[in-house]
Amino acid sequence: MTARYNGKGSWEEWQKEWAMEDRYNFRTIEKKWQKIWEDEKTYKVEIDNNKEKFYALVEFPYPSGQGLHVGHPRSYTALDIVSRKKRMQGYNVLYPMGFDAFGLPAENYAIKTGIHPAISTAENIKVYTRQLKSLGFSFDWDRCVDTSSPEYYKWTQWMFIKFFEKGMAYKDKISINWCPHCKIGLANEEVINGNHCERCGGEVVKKEKEQWMIAITKYADRLIDDLDTVDFIERVKAQQINWIGRSEGAELDFGLALKNGDTVGGKKLTVFTTRPDTAFGVTYMVLAPEHPYVEELMAKFENPEEIKEYIKTSKNKSDLDRTISEEKTGIELKGIKAKNPYSNELIPVFISDYVLMGYGTGAIMAVPAHDQRDYDFAKAFNLPIIPVLEGGDISKEAHEGEGAHINSGFLNGMNKENGMAAAIKYAKEHGFGTAKVNFKLRDWVFSRQRYWGEPIPMVNCPVCGWVPLKEHELPLTLPEVKDYLPSDDGESPLAKAKDWVNTTCPKCGCPAKRETDTMPNWAGSSWYFLRYADPHNDEAFASKEALDYWMNVDWYNGGMEHTTLHLLYSRFWHKFLYDCGLVNTSEPYKKRTSHGMILGSNGEKMSKSRGNVINPDDIVANYGADSFRLYEMFMGPFDQVVDWNEESLNGVYRFIGRVYGLFNKVYKMEPTRDDLRAMHKCIIEVTERVDSMKFNTAVSSFMTYVNYLSSLNKIPAELYAALLKLMSPFTPHFAEEMWARLGYNSSVVTEAWPVGDAKLAEDDTVTIAVQVNGKMRGTLEAPKNASNDEVEKLALSLDVVKKHIGGNTLKKVIVVPNKIINIVA
RNA sequence: GGGGGCGUGGCGGAAUGGUAGACGCGGUUGACUCAAAAUCAAUUGUCCACAAGACUUGGGAGUUCGAGUCUCCCCGCCCCUACCA
């Protein structure tokens with residue numbers, strides 16, 4: 001071990017050369033090391049079959065005009081620490097970064113300024129890259145991807161064609177959010193305050209449009225079931241399960257009858273219910289206003305005008321209004337009745353917007369006694385409420401019931417479970433129903449009437465229908481257009497590029513038209529982790545060799561806000577590729593964790609309008625990247641929301657300064673037993689805490705250790721060197737600099753991670769807490785692993801113990817070795 | 001309505017059922033300074049002049065020799081989601 005003096009020249013010269021500046025000059029030092037890492041490609045990684053791989057992934061940013069947010073580095077620093085530590089532990093670590101570069105802001109900016117999104121996006125990427133590099137992350141920049149580059153989206157398009165070929169992509173008419181003023185389709189995120197356009201503030205309406213859909217619902221079961229095979233934090237799993245919303249029940253056919261008893265063209269009304277056992281309590285039926293029967297049977301109704309009027313008003317109601325309004329509205333479909341297949345009773349049929357076309361069959365059997373929504377409707381329309389489950393008080397509200405069925409014919413006396421089974425069995429036997437599983441999850445609407453996205457590589461041929469492009473025709477690049485506004489009828493801006501739209505059918509050669517919609521934002525990010533494995537491949541999205549070596553992602557960290565969209569989409573996408581034999585694992589991510597948001601110092605979300613935005617550039621300029629990184633790890637538990645606090649930031653800044661100052665006390669000398677104890681404690685703690693994401697307490701361990709080092713007059717170099725190694729994942733620039741000053745020619749980031757020795761970390765004597773009748777009365781010093789008798793003897797000799805026992809006799813003595821003794825008297 | 005999370009000093013927060021408040025911020029006092037900043041040292045949960053002692057993890061009950069931690073009930077806050085039948 002060479003400490004302080006590297007042997008070249010005299011000791012005096014050495015000291016002079018490294019004459020300590022009063023203050024740690026992070027500005028020059030951080031730049032210096034960033035340049036060295038970049039020049040030497042320190043973090044470049046290649047396949048190495050002799051080494052175990054580790055793939056750490058963070059969500060790549062959308063390069064907005066705002067620049068990097070202080071929230072980004074929280075996640076990036078955490079996995080940078082994990083990656084750096086893994087590297088030091090001998091793993092071959094892939095820690096990549098890229099840009100999710102298609103998106104609305106660039107397009108809206110283009111509409112305003114006429115600047116091509118590709119140009120503004122490239123500018124933004126430059127800014128982001130500079131900012132990310134200024135923070136010293138150990139990304140392999142040679143693997144950087146950009147989802148908006150044709151080299152990348154060629155493969156996104158290629159994969160879309162796979163979806164189409166396997167029957168997973170189809171066209172369907174669905175309603176979208178449409179702003180009549182801006183003449184533009186809006187994403188859900190762009191609809192604000194219930195039903196207002198984010199851009200103009202005007203009202204948004206629903207509009208039917210043909211859209212490409214992807215059949216994610218076919219994977220619903222596997223997306224739930226396979227969560228058992230991965231290590232995701234519980235709240236992520238719970239949210240995904242909830243979002244997919246699997247519910248088991250039955251589909252039942254109710255008969256329909258005209259007043260005179262005739263059937264209604266043989267039509268049956270099919271409903272989905274999770275409680276078929278309550279069917280005897282059905283007192284009416286409800287259809288969604290959009291239910292096809294309403295239109296089809298209009299001629300049979302006695303009150304078509306009323307019905308049409310109701311449909312019209314409910315169509316114009318925003319989702320928010322539909323949700324928030326407490327009062328139930330609806331219209332009876334007069335002239336027809338439904339026949340309950342269990343009781344054979346005839347009951348009225350209504351339409352109401354509390355029933356949604358998008359879930360189940362768009363029709364329900366109403367059991368007002370046991371469903372609050374049905375109850376409210378029944379009260380409003382004066383319909384009978386028949387309890388079929390024991391318990392509760394239906395004069396006040398609907399209840400879930402407990403115990404046996406009542407008023408339920410052959411189900412009477414059965415509990416819920418048996419009732420369900422019997423009801424379904426009966427329905428099956430009588431041919432009017434069957435068990436059925438339903439999902440909340442809808443198929444993925446994959447079309448956007450936008451410019452700045454991947455063109456959908458499909459051609460509509462009058463002869464062949466929808467035909468995908470041939471592989472050699474990919475990528476289908478975005479055409480130049482004069483302006484980026486959608487056309488008046490809501491067609492994508494691409495529709496204006498006539499030369500581009502008009503093409504020939506790849507199959508038959510007839511004149512045909514290209515699809516002008518583009519893909520949603522989520523497309524490129526659904527598979528980017530695969531591209532990182534082999535980012536420059538132009539023969540495949542990634543080579544089999546690269547995928548075999550690097551997949552799966554070992555640890556993926558990202559925001560909770562991506563749990564139900566990006567994370568679910570990418571799992572689905574990966575499973576689809578797996579089924580096509582294109583990847584070799586059915587799940588992409590082994591482990592998923594999530595960081596908490598960083599709020600402004602006022603406890604509110606950071607935003608321009610609130611004026612509480614912190615710019616990472618300012619922090620790096622004033623405190624340095626290392627302080628910034630260390631602060632973001634120290635500020636609170638990694639998975640929880642925290643407020644930004646500049647004073648705490650100053651605390652870690654001072655801490656780094658203190659460690660810097662300690663260098664003056666470092667000497668080449670043998671460590672004492674106490675020294676080794678402190679060192680090994682720190683090694684063990686930091687190692688454990690990084691692995692378990694307790695970054696804040698890992699930093700505390702440094703501080704405790706440094707407090708110990710500060711108490712020494714002279715610090716053995718070994719102790720300081722160990723500290724630098726442990727700190728290097730957190731504060732890499734600082735660690736590199738001090739490592740060099742210790743006299744090493746090597747880079748500390750390539751050193752081996754220290755291994756803690758539990759024996760050496762142990763204390764010789766322990767402080768044992770002494771309780772009398774469960775109350776703390778003092779402590780005593782005992783040798784490590786003293787016997788219970790010994791500890792008891794020591795405790796009983798304490799005055800304070802004698803005092804509290806008084807004249808009582810001992811009933812019980814509990815000794816927890818090395819921890820506590822409790823004397824019960 | 002459903003799902004998830006949280007509640008500990010002035011503040012951020014530590015605590016495998018075993019000394020509550022680690023570590024940091026802030027405060028107080030002192031040293032250095034003409035002075036301030038920076039730095040260093042001491043101190044800092046509350047009540048009490050001090051000591052002794054008592055109290056203390058949103059509230060209440062319970063399990064236990066022992067509860068911030070486990071169980072039940074209640075209160076409050078945050079996030080996601082939502083007439084999902």
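The sequence lines fix the lettering, A, B, ..., with proteins before strands; numbering per chain opens at 1.
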Touch check for A/Gly360, heavy atoms < 4.0 angstrom, all strands: base, sugar-phosphate only, or nothing? nothing
Which nucleotide sits closest to the side chain of A/Thr274: B/A85, B/C23, B/C65? B/A85
Residue from A/Asn340, A/Asp374, A/Ile386, A/Val367 passing side chain to side chain contact (heavy atoms under 4.5 Å, CB included) with A/Thr283: A/Ile386
Round to a whole Å and report the spacing from OH of A/Tyr375 to P of B/C83. 23 Å
Euclidean distance, A/Leu796 CG relative to A/Lys802 NZ, rounded to 0.5 Å: 9.0 Å
Under 4.0 Å, counting only non-hydrogen atoms across every strand here, what does A/Thr767 touch: a base, just sugar-phosphate, or nothing? base
Side chain A/Lys811 and base B/C65 donor-acceptor under 3.5 Å: no
Looking at every strand, decide which applies to A/Asn438 at a 4.0 Å heavy-atom threshold: base, sugar-phosphate, or nothing. nothing
Identify the nucleotide, in any strand shown, that forms a Watson-Crick or G-U wobble pair with B/C84, with both distances under 3.5 Å; if there is none, say none. none
Which part of the nucleic acid does A/Lys803 contact within heavy-atom distance under 4.0 Å: base, sugar-phosphate only, or nothing? sugar-phosphate
Within the 4.0 Å heavy-atom criterion, would you say A/Glu647 contacts the bases, only the backbone, or no part of the nucleic acid? sugar-phosphate
With RNA chain B as reference, determine whether A/Val641 or A/Ser700 sits nearer its 5' end, using the nearest nucleotide of each. A/Val641
As its Watson-Crick or G-U partner within any shown strand, both distances under 3.5 Å, B/U43 has B/G27
Of the candidate nucleotides B/G4, B/U39, B/C23, which contains the atom at the shortest distance from the side chain of A/Arg654? B/U39
So A/Asn707, base contact, sugar-phosphate only, or nothing? Heavy-atom distance under 4.0 Å. sugar-phosphate
For B/A36, give the paired nucleotide (Watson-Crick: N1-N3 plus N6-O4 or O6-N4; G-U: N1-O2 and O6-N3; both under 3.5 Å), or none. none
Counting Watson-Crick and G-U wobble pairs only, both distances under 3.5 Å, name the nucleotide matched with B/A52, or none. none
If pairing requires Watson-Crick or G-U wobble contacts with both distances under 3.5 Å, which nucleotide is the partner of B/C6? B/G76
Between the base of B/U16 and the side chain of A/Lys819, is there a donor-acceptor distance below 3.5 Å? yes
